[in-house]
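Structure, as structure tokens:
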Amino acid sequence: MRFKSLLYISAAAVALSLLPLSAARPAAQPASAIPAPEQYFGFKIGADGELARYPKILEYFQLLAKQTNRVKYGELGKTTMGNSYPLLRISSPENLAKFDRLVEINRRLADPRGLSEAEAQKLAMEGRPFYFLYATIHSTEVSNGQAIINIVHRLATDSSAQVKEILDNSVVLMVPSQNPDGQVLVIDHWYKTKGTPFARVYPDLYHKYVGHDDNRDWFMFTQKETRMNIEFVQNKYKPIITHDMHQQGGNGARIFVPPFTEPFDPNMHPLLRIEQGTVGQAMAHALLSEGKEGVAWEDAYDMWSPARQYMVYHGQPRILTEIANSNLADPVKSADGKPIGWQDSRAHFPVPYTKNTWTLGQQVDYGVTVAFAGMTHVAKYGHEWLMNFYRVNRDMANGMVGPYAYVVSADQRDNYGLYEMLDILQFGDVEIHRATAAFSANGKQYPAGSFVIKTAQPTGAFANTMLSRQDYPDLRLFPGGPPEPPYDVTGHTLWMLTGVNVDAVAKLFDAPLELVKKVAPMTAAIAAKPKGAYLIGPESYGTFKMVSQLQKANVPVYRAAKAFDKFAPGTWVIPSTAASQPIVEKYGKDLGIAVSGVDTPPSVDGERLKPNTKVGLYKAAGNMPAGWQMWMLEQYGINHEVMKSQDFAGDLNAKYDVIILPSGTTKPRIMNGLNAKTNDPAEWSWAFGIGEQGWKNLKSFVENGGTLLAVGSAVETARDLLDLPIEKALPQAPPRFGGQGAATAAAPPGANAEASLRDAFSSPARLMQTLRDRVADPASLFYCPGSLLNNEFDPNNPVAWGMPAAWPVFFDDDQAYRLRPGFGIETQVVSRYPRQNVLASGWLLGEEYLKDQANILSFKIGKGTVVTYGSQIDFRAQPRATWKLIFNAIFHGPATPITAAQMTKAASAATNDQR
Ligand SMILES: [Zn+2]
């Protein structure tokens, strides 16, 4: 028990003895000309029905920066939709004047290799802890974005001892909104619908691509806002604590503060858990001292997934606060006049809330209280905070977690997957080494150019959590009882997601290594202007970036359907022409993939891609899987359009070659869509239902030659539409918190899915009852809440071209299928679950149900093609290696089969045409 010493006691002693005398410093001067928020915005922040708008909030902060010497304002960049994303730096003028030196100290403590405890003590005395606060990553959780105004105003103007202590002894970094686009959309919608019959909650994704999943992006770093936060705040300034302000469902506690509940990622330093508890309890203390009731801790929120907690792998505790929702800016009142929320006093919820109303103003006040409690704790014990930051990073640098190293051979199937994996790790501040010569480790030979990631480094926790297999603990509500739902998914092993083979090597080995300064695409041989055609193996998912550009340039593209020479089925055959050469050369280099050249195109059966293959993406309002799909299709330059419900009234074949139904596209959702009475048709008719005629037209689309792809829960929709000869192989799984699939299906479109699920579990007793109702016999249950599961592939099937014989797929409360007899439908199994060892990473109960069952299936129906993906192989765009299964299907469905003779001729004819 290395960490048993009480933080409070040691911190207090140090704080008393080491705090510099504040009287010796120049006082921070508030400027009297600063308008109070009420004057500036025209209403008291938190007033019923009123929400300050984002652009005006930024103007106010810029005014504060101009008129006081406590606040610095700077824009870090633009968001996805072009809004400003600023950072505020708030401290005493003296601290701000030596800001660069303070950052230098943070950076030294963040990488304490070679730094003695005594030297660290000196730096900690000179330094100031940085408290990083950001609000409203979830845009319908409006109160925190408002509370921020009062927090900044108080820090900028107040002359109290508390504020002086914060300013003198710490530096506050603040991102006023982690999703400005959503804040603008939600608040604009709020005012636009005032006095109308329309619903006041913005009904679509409040982040253009990922909606609520913007808080699931903290390990793959896909979105601009995530990347700005990491690159320009976390990695640059090295704060010692991060406070992330949220809201939760309205029927439970008024606020959640840390500590969190089980399980914790075992890679997280135990000291951080203690710090989380310490700060959380300081917040609870402040709230209850001020008479703010209804505080809970150790509730639903766990610490398992890196998707929500970048900071804990970078030396800092995660401080999550979750304030109960009202109706956006409108108050809630209990229908029966009784107090709102939980009324059972418990150890982790000592004081139930006693009023029967709950307002935005109260939410704002709770937010201000917790922010000041957190900042005060850090300022009061600043020296100890900096020392703990040093200790956590030192222990990681000394190899606290993981094997000695992860070795990544330079010899991979997919160089682009390798590049993406390394790039993600490096963006997360992980050090990567490259071998300058061949070496051996654990009895295995590795070629020169192979990569080594040692876990003994300050960010070893991040490296280990990303590169190890997850073994989620088998948590039950009672022994032998139903599973305790995890807050989010349970498996995230990065090499499985990116299709890279990685070896964990437990013991020290010798290899000639150099540090990789900046990960670059691999170097691979690219044929220079061959006479006949380029040949590219089907292994890399990155190749689709090239293919979409070749399509744009009207270059004919072919695929070989069978193996030939050293090439696997699905190999790309691209005529070497003036139009194709620059594209092939550029993307071959950018992707780092090998490109061969031949004088004569191979004599092998295959297919010719349809020129300009066009995809229609069905995106129900508020559907996150569709948003992620849209992001991926854009990233890869695929010719696509988000469909409007009006499209379904006409000839779908005339407009699209392929239609994708993402997970969450249930039949009721596509048929009914958004309610036409509660959503303004002028703005939302595109998201209304397609109706019976649209349903018929979608069926005709397939029969007339279209390609339909259905993922996750949309497989049931496709089965209904076309009477597919399959049936479900799995029993119904119990529900869980925060689950994307379940959440989007259960919640009304656009509602805060997390909050509504939390409401469903408003007390432990209710949760238990729900689980008992749904799981008759715990021994026979099936449960897989977001894991990586092994699949076997048929690489001769065009949908699986380029896949290895076996690789993990993502499975998030999804379904597996059994074939049943059907007439006139040709069915092919693209992938299935193995007979043993189904679980690759995460948590799986009831493995027996999955064994030997089908996952991905391909059907010929009429002139068309349907591909069903029972599991979400595209989940949040994280499993890149299996996204290939969607790209393959997009281009295969509309392609024209050609014979070996035609392949040779067609390619050479095209070559001649283009020269
Ligand atoms: Zn939230």
Side-chain angles (χ1 to χ4, degrees), residues 51 54 132-148 175-183 185-187 201-202 204-207 209-218 223 225-226 229 242-258 260-261 280 283 296-297 299-311 318-329 358 360 363-364 366-367 370-371 485-489 622 624 627 736-740 742-744 746-748 750-762 876:
L51 293 165
Y54 184 70
F132 180 25
L133 179 73
Y134 62 84
T136 316
I137 187 169
H138 293 149
S139 311
T140 47
E141 301 167 12
V142 291
S143 74
N144 294 307
Q146 305 292 303
I148 286 286
V175 166
S177 173
Q178 180 52 29
N179 179 19
D181 298 349
Q183 194 159 326
L185 291 171
V186 164
I187 296 179
V201 181
Y202 184 70
D204 202 3
L205 297 176
Y206 50 60
H207 178 281
Y209 299 110
V210 302
H212 187 268
D213 277 351
D214 57 358
N215 199 34
R216 302 292 183 270
D217 195 32
W218 298 106
Q223 302 299 311
E225 297 76 16
T226 316
N229 184 305
T242 299
H243 179 180
D244 175 15
M245 301 174 86
H246 285 253
Q247 282 176 218
Q248 62 179 357
N251 297 333
R254 296 301 87 198
I255 186 169
F256 164 88
V257 296
F260 295 77
T261 190
M283 291 171 166
W297 53 90
D299 191 31
Y301 308 96
D302 66 37
M303 293 293 298
W304 183 259
S305 173
R308 297 194 311 281
Q309 54 192 34
Y310 182 83
M311 62 296 276
R318 176 184 192 212
I319 305 302
L320 171 73
T321 51
E322 296 263 3
I323 298 171
N325 283 338
S326 57
N327 292 327
L328 289 182
W358 179 244
L360 177 67
Q363 294 171 298
V364 167
Y366 274 56
V370 292
Y487 190 77
D488 196 56
V489 301
M624 284 184 281
R736 73 172 218 260
F737 302 114
Q740 176 189 263
T744 47
N752 180 339
E754 194 169 302
S756 63
L757 267 183
R758 297 268 304 111
D759 281 354
F761 303 134
S762 58
R876 296 175 180 159

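Heads up: numbering here begins at 1 and tracks the sequence. Atoms within a ligand are numbered from 1 in the order they appear, just like the ligands themselves.
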By ring-ring contact (aromatic ring centres under 6.0 Å, His included), which residues pair with Tyr310, not counting sequence neighbours? Phe221, His314, Phe462
CZ on Phe260 to CE on Met303, rounded to 0.5 Å: 4.5 Å
Near the Zn ion (ligand 1), is there an N/O/S atom from His212 that is less than 2.8 Å away? no
So what does the His246 ND1 - the Zn ion (ligand 1) - Glu141 OE1 angle come to, to 10°? 90°
Using modelled atom types and a 3.5 Å cut-off, is there a donor and acceptor pairing between side-chain atoms of Arg876 and backbone atoms of Asp217? no
Nearest to the Zn ion (ligand 1), which N, O or S atom of His138 do we find? ND1
Could you pull out all residues at least two apart from Ile137 that satisfy side chain to side chain contact (heavy atoms under 4.5 Å, CB included)? Gln178, Asp214, Asn215, Trp218, Asp244, His246
